[in-house]
Every structure is written in structure tokens, then in C-alpha cells.
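To keep things clear, I will list the structure first and then write my remarks on it.
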Amino acid sequence: MRSFSRILAAVAALAGAAGLVAPARAQDYPTRTITMIVPFAAGGPTDVVARIVTAHMAQTLGQSIIIENVVGAGGTTATTRAARAANDGYTLITGHMGTHAAAVPLYPKLAYHPEKDFEPVGLLAGTPILILAKKDFPAKDLKEFIAYVKANTDRMNMAHAGVGSVSYSSCELLSSVLDIKPVGVPFNGTGPAMNALVGGQVDYMCDQIVNAVPQINGGTIKAYAVATPERNPSLPNLPTTAEAGLPAYQASAWNAIFAPKGTPAPVLAKLNAAISKALDDENVRKRLLELGSDIPKAEARTQAALAALMKSEIEKWSAVLKPATN
Ligand code: ASP
């Protein structure tokens, strides 16, 4: 009996080595749990958007999607890991304007290239950037904020989620518009950075709206402006940067799912359809809208649209950001 099973095992090994054992068919995907890497700490904007959308995708796909928060280096540690993962559709990443665009000019030796090492799967949500400060920051509006940070630039602690993150890049843009050089204070995500802002340990931050709406409504932080051409329906009293006197500062992020390069097309198509279905779901929409996100319209949901967005964003940020020195 024992030798028979040994023979069976040997035959199976030979068949496998000769490629005779049929691999799991892409059409049957998914047949097991999917891992979604989130490149920042739990509770931050990337994590929140990923959790809202993937919870619905899991229902559509009939398999669980487990979120794995992998932190470090402004999201680039996790993105490197995702680039090197098996391209079978079981390891995905929720990346964003930072990991899949702004990180390129900031890290000349980046271990991955967003276009060469990933397949774009689908856009999840646009997230306008807000200028936020601790509750007792001595400025009542954006004009006063600008005057204060200019007068006290080297005493200002600006929180961000690491070089390459959305918060870092957005505040770098603000610094260049205002010609200031604050002290950057890195966190593993803007979830922990927001805790520090609420606690008054840092002075200000440029963050994605989904992380800030509950805090602004709760009165635990100050918000000066939303850096988009229009006000956001979730915060109707918050002026735009143009209204508040700083039209040159425009910033909005986006969050999207990517798969390692070479992931089979039918797998990508299934995932893309599951994202779109989630974005049409009433509860998913309600939660994303309450947090101020922009839900992509049909034409922005295709893989090709995400590829084009990533390309144009890499170009845009490459013109604005220089390799990081801190
Ligand atoms: N997405 C945020 C950023 O890049 C970080 C986070 O999600 O926690 O700043």
C-alpha cells in the first residue's frame, strides 16, 4: 500500500513536471481566497476605500478577499511586494496616485515601474485633497493659514504617510506653491497621522477627503479648503482653494486596483466587472459619497482608462516632484 502511494506520488510529480496537470482555469477564477494588499495602515483612506469596495466584490466573486496592510516607504514596500507576487489573480494591490504615479519621480531607484510591472484592473474612487490643521492651529481661514505657515515655516510639522504617498506629494505641491519648507513627519499611513493631528502632535496635513470628513464633522481638526474646482457635497461649507484665495493649489487623488503584470486577461475582466458592480451598488455608493469620494463614471472604469490615467499622472507628477531628499 505504502509503495503504491509512493508510485502514485511519483507519477503525479512527473505529470506535473511535464505540464500534464491542468492548471486552474482562468474561467473558473476565483477558486480560493484573494489577498488584497493595502500599502498603508488600517483605518486610513486607502484602507477604507479598499474595504468598502472589496467587501462587495467578494460577494460577486463568491470568494473572500482578505486585506493585508503592508506598511513602509510611502507605500512602495507593499507595491514592490505586489509587483513580485504570482500573477494568478490571488494577490492584488489597492494602489493610488502615490504608489502608481508620484513615487516614480520621487524614487529614482524604485524597485517597480507602475506601467511595466502591473496590469491596471480598475479605478475605485477619486479622493479630493483637503488642507487640514490641528484644532488649535492659530488661523481661522486659508489666508491666515498661509500667512502663518510662511512666517513660521521651519517650526511647522507637516504630517504625511511617507515619501511617495498622496499626502506627502500633495503637501510637497503646496510647499512649492507657497515657497515654504516645513518639517515632514512620516507615519505608516494617514490613519495614524490623523490621530497625531487630532492629538495636536503635528501642525497640519494634506489628506484625502475620506479620512477627514468624520473628524471635521466631529470638530476634532480644522479644515481650510478642498483643492478641487468645485466644493464637495459631503462638506458643503468648506470653500475651494480658489474661493479661499489659493487657486494655484489643485490636488485630487485616485485609488485603484492593480494586479501583477501577466495576470490572465479573463481574470482581469472578472475583477473589473466586480469593481463596476460594486460601484453601482446603492450601499457602496452611499458610503463612498458620505466620505466625499468621486465615484468613477462608466467610461472611467475600464482597464484602458486606468492605464491612461496612470500614464498621464506619472507625467504630471514627474514635472512637479524632484527626487526626495528627506
Ligand atoms: N493614502 C494615504 C496617503 O498616501 C495613506 C493612507 O492611506 O493611509 O497619504
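One-based numbering, in listed order, for ligands and for the atoms of each. Computed from a prediction, not measured in an experiment: that's the story for all the values here. Quick note: numbers below take in every heavy atom, side chains included, and nothing from hydrogens, waters or symmetry partners. One is the number of the first residue; the rest follow in order along the sequence.
Remark: the Asp207 side chain and the Ser167 side chain contain no N/O donor-acceptor pair separated by less than 3.5 Å. Side-chain contact of Arg231 with Thr240: a donor-acceptor pair under 3.5 Å is absent, judged by distance alone. Residues Gln215 and Thr220 have side chains that bring a donor and an acceptor to within less than 3.5 angstrom of each other.
Short contacts between ligand 1 and Ala161, defined as distances under 4.0 Å to a heavy atom of the residue, involve ligand atoms 3 (C), 5 (C), 9 (O). Of all atoms in ligand 1, numbered sequentially from 1 with element shown, those under 4.0 Å from a heavy atom of Gly189 are 8 (O). Contact atoms of ligand 1 toward Ser165: 3 (C), 4 (O), 9 (O) (distance under 4.0 Å to a heavy atom of the residue).
Here Lys286 does not pair with Glu282 in a salt bridge; the nearest charged N to carboxylate O distance is not below 4.0 Å.
Shortest contact from atom 2 (C) of ligand 1 to any protein heavy atom: Gln208 NE2, 3.3 Å. Considering only non-hydrogen protein atoms, atom 8 (O) of ligand 1 sits nearest to Thr190 N, 2.8 Å. The nearest protein atom to atom 9 (O) of ligand 1, hydrogens excluded, is given as Ser167 OG, 2.5 Å; this is a heavy-atom distance. For atom 7 (O) of ligand 1, the closest heavy atom belonging to the protein is Thr46 OG1, 2.5 Å.
More than 12 heavy atoms of other shown residues, nucleotides or ligands fall within 6.0 angstrom of atom NZ in Lys316.
Using a 4.0 Å heavy-atom cutoff, Pro45 is listed among the residues neighbouring ligand 1.
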Under 3.5 Å, which donor-acceptor pairs link side chains of residues 98-112 to any protein atom two or more places apart or in another chain?
residue	atom	partner	partner atom	Å
Thr99	OG1	His96	N	2.9
Thr99	OG1	His96	O	3.4
Tyr107	OH	Ala73	O	3.3
Tyr107	OH	Val163	O	2.6
Tyr112	OH	Thr99	O	2.7

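Under the salt bridge (charged side-chain N to carboxylate O under 4.0 Å, His left out) criterion, Lys261 pairs with no residue at all, not counting sequence neighbours.
Where the criterion is an N or O separation shorter than 3.5 Å, residue side chain and backbone included, Val166 meets it with respect to ligand 1.
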